[in-house]
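Data block below; observations after.
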Amino acid sequence: MKKSYIILISLFCFLAFPAFLAAQEVISYTGNDNYTLVERTNLRRYDNGKYSGLMSREVRSFLTQHTTNSGNIFYSGDFFVVQDTVKNSKVMFTGIHDAIPSKFFIDESGIVSMEEDYGYPSFRSFPSFPKTALTIGDSWKGNSMRAVDPLNNGIITKIPMTIQYTYAGREEYHGEEVYRINAQWATRYGITYWDFGGDKNLKSAQGSHKASILVSCETGAMIFMTDAVDETFIYTDGNSISYKGTILQFTEYPTAVPHDEIIPSLKRIGAVALADKKDTEKKKPGNTEKPEDSEKPEDTGIPDFPDTTKPDTPLISLKPADLGEKKITVEETDAGIKLAIHDLKFKPDSAELMPGEAARLDEIASVLKQAGTNKFLIEGFTADTGYPEGELKVSRERAFAIAEALSKRGIDAGNFICKGSGAANPVADNSTPEGKALNRRVEITILERNK
């Protein structure tokens with residue numbers, strides 16, 4: 001009897017051992033398509049311990065995936081605030097959104113390196129993964145960073161986070177295989193760490209976070225996160241602000257637009273110079289791509305972002321003779337179809353469109369409606385007049401003017417993200433009046449998922 005019992009135990013261990021091995025998972029980040037990251041905040045605010053209202057805000061972004069010459073993946077895009085503070089049940093909503101640029105690199109462990117940082121994304125290197133195989137119940141620690149603006153005054157302070165992760169297993173979420181990871185950490189600021197580039201009036205912060213995270217089994221990208229927040233920020237004037245509630249983060253993917261319908265429609269509304277994104281990528285500033293048979297650069301492990309500090313170089317070299325009367329170009333880009341409207345007529349030094357532009361905008365609006373619910377990035381550009389600050393201001397105002405004009409033609413104002421780029425990235429020679437006219441343009445990109 002005892003011998004049979006030992007045999008049964010041995011047999012059970014032998015059968016269970018392969019199942020144990022199958023339960024091990026190695027989680028790594030291998031990249032995402034173009035995507036929208038959404039952060040939805042619902043926090044009760046307390047000023048000096050007294051309840052003062054609900055802070056409800058939604059931040060969205062459209063992020064475009066790029067690959068560097070050495071094969072590293074980085075993202076660039078724009079964040080925008082959809083909703084702001086809710087008070088007395090009223091939500092502040094502006095419709096057209098102002099773009100907040102961002103550019104960052106993510107390695108296979110989920111660690112983020114920021115290249116262009118205006119406070120977003122707010123969670124960086126979160127979640128991060130160990131390089132070892134995991135079984136259910138395994139824990140590890142990771143160092144992350146969070147960008148906060150407790151006063152909502154535009155001053156971003158970065159707070160480090162030491163996070164305790166626990167692997168909770170594999171499951172299905174909206175038809176996708178995901179890993180569930182639990183995380184918890186304490187808010188600690190002003191004891192051994194200060195952000196000298198942040199809010200100088202923020203003396204200290206303390207609190208707790210408990211989060212549940214779903215990560216794609218295929219890509220290692222975060223699909224969903226819910227964070228239970230309870231933290232307090234103390235300022236040098238003695239005042240304190242506390243927040244209690246939840247922060248949600250989730251990933252959405254824009255739909256692919258019907259290229260076969262939109263491109264012919266664009267050709268019908270004017271002279272269209274169709275530029276392929278592979279050709280234009282080679283002409284971008286900072287792109288030092290070598291021929292295919294050349295030796296691949298050594299991967300040093302350091303993100304090799306394209307150098308955007310080099311002198312502006314035309315993405316597409318245009319001449320007035322290249323275009324017809326309506327001066328429209330179309331380009332296939334990583335982010336989606338980009339429509340450039342050249343030689344826009346505004347009143348001098350203003351963002352007010354001349355009446356003669358109405359017909360052109362009518363035609364453009366009719367085409368953009370074919371994109372359905374996809375969002376549009378509208379970017380304004382000016383000719384180089386030698387006054388960068390003024391150029392940036394006017395280009396931004398003109399982007400908003402085009403968005404407002406198109407929204408009056410039946411496109412949802414909430415689908416527009418606007419930014420100004422001044423005289424950056426000229427498409428023609430700035431030394432001639434004709435070239436300057438082509439550089440005075442507004443570009444509209446229909447944002448979509450990678451094809």
Side-chain angles (χ1 to χ4, degrees), residues 78 80 93-101 266 269-273 312 314-331 338-369 375-446:
D78 299 283
F80 54 95
F93 181 67
T94 58
I96 298 169
H97 311 301
D98 202 355
I100 305 169
L266 288 171
I269 68 173
V272 176
D312 294 329
L315 302 188
I316 310 173
S317 182
L318 294 179
K319 297 178 182 178
D322 294 336
L323 302 174
E325 181 183 349
K326 296 183 180 179
K327 296 182 176 64
I328 294 173
T329 58
V330 177
E331 181 183 354
K338 180 165 69 180
L339 167 66
I341 316 164
H342 300 270
D343 195 16
L344 280 163
K345 299 295 192 298
F346 291 92
K347 290 186 177 180
D349 300 319
S350 80
E352 186 178 348
L353 281 163
M354 299 292 282
E357 294 291 356
R360 187 155 54 155
L361 290 173
D362 288 342
E363 293 175 323
I364 291 168
S366 69
V367 176
L368 295 184
K369 287 177 183 177
K375 287 193 164 34
F376 307 97
L377 174 64
I378 301 188
E379 191 168 4
F381 295 88
T382 66
D384 188 352
T385 61
Y387 299 96
E389 290 184 8
E391 292 162 1
L392 193 63
K393 179 177 181 292
V394 169
S395 66
R396 178 181 175 277
E397 291 172 348
R398 289 178 175 177
F400 271 88
I402 295 298
E404 289 171 3
L406 292 172
S407 69
K408 290 177 182 177
R409 288 164 169 79
I411 300 176
D412 186 353
N415 286 342
F416 293 115
I417 312 165
C418 294
K419 67 190 297 185
S421 294
N425 296 329
V427 295
D429 187 351
N430 260 310
S431 65
T432 67
E434 295 82 6
K436 286 184 176 181
L438 292 178
N439 288 329
R440 285 194 298 270
R441 70 194 190 277
V442 169
E443 296 180 349
I444 304 172
T445 304
I446 307 171

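Keep in mind the model is a prediction, meaning the values are calculated, not measured.
- Proximity of Ile378 to Ile96: side-chain heavy atoms (C-beta onward) are nowhere separated by under 4.5 Å.
- Defined by atom type and a distance below 3.5 Å, a donor-acceptor pair is missing between the side-chain atoms of Asp384 and Asn439.
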Yes or no on side-chain contact (heavy atoms from CB on, under 4.5 Å) for Leu339 and Ile446, after CA distance, side-chain angles and deciding distance? CA-CA 8 Å; Leu339 167 66; Ile446 307 171; over 6 Å; no
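- Among all heavy-atom pairs drawn from Lys375 and Gly414, the shortest one is CE-O, 3.6 Å.
- For the pair Ile328/Leu266, no side-chain contact is recorded, criterion being any heavy-atom separation below 4.5 Å from C-beta on.
- Closest of all the heavy-atom pairs between Phe346 and Ala401 is CE2-CB, 4.4 Å.
- Remark: Lys345 does not engage Glu357 in a salt bridge, criterion side-chain N to carboxylate O under 4.0 Å.
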Pair Ile364-Arg409, side-chain contact (heavy atoms from CB on, under 4.5 Å): steps then yes or no: CA-CA 10 Å; Ile364 291 168; Arg409 288 164 169 79; over 6 Å; no
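- Residues Leu353 and Leu361 have side chains in contact (heavy-atom distance under 4.5 Å, counting atoms from C-beta outward).
- For the residue pair Glu391/Thr385, the side-chain donor-acceptor check at 3.5 Å is satisfied.
- When all heavy atoms of Asn425 and Arg441 are compared, the pair lying nearest together is O-NH2, 2.7 Å.
- Side-chain contact check for Asp429 versus Leu438: every heavy-atom pair is 4.5 Å or farther apart.
- Side-chain contact check for Phe416 versus Ile444: every heavy-atom pair is 4.5 Å or farther apart.
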Step by step, would you call His342 with Arg440 a side-chain contact (heavy atoms from CB on, under 4.5 Å)? CA-CA 6 Å; His342 300 270; Arg440 285 194 298 270; over 6 Å; no
Go through it in stages, so that I can follow the logic: the residues are Phe376 and Ile411, the test is side-chain contact (heavy atoms from CB on, under 4.5 Å), and I'd like the CA-CA distance, side-chain angles, deciding distance and then a yes or no. CA-CA 10 Å; Phe376 307 97; Ile411 300 176; 3.9 Å; yes
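- Partner of Ser421 under the side chain to side chain donor-acceptor pair (under 3.5 Å) criterion, chosen from Glu443, Arg396, Glu379: Glu379.
- The residues Glu397 and Lys393 are annotated as salt-bridged, a charged nitrogen and a carboxylate oxygen being separated by less than 4.0 angstrom.
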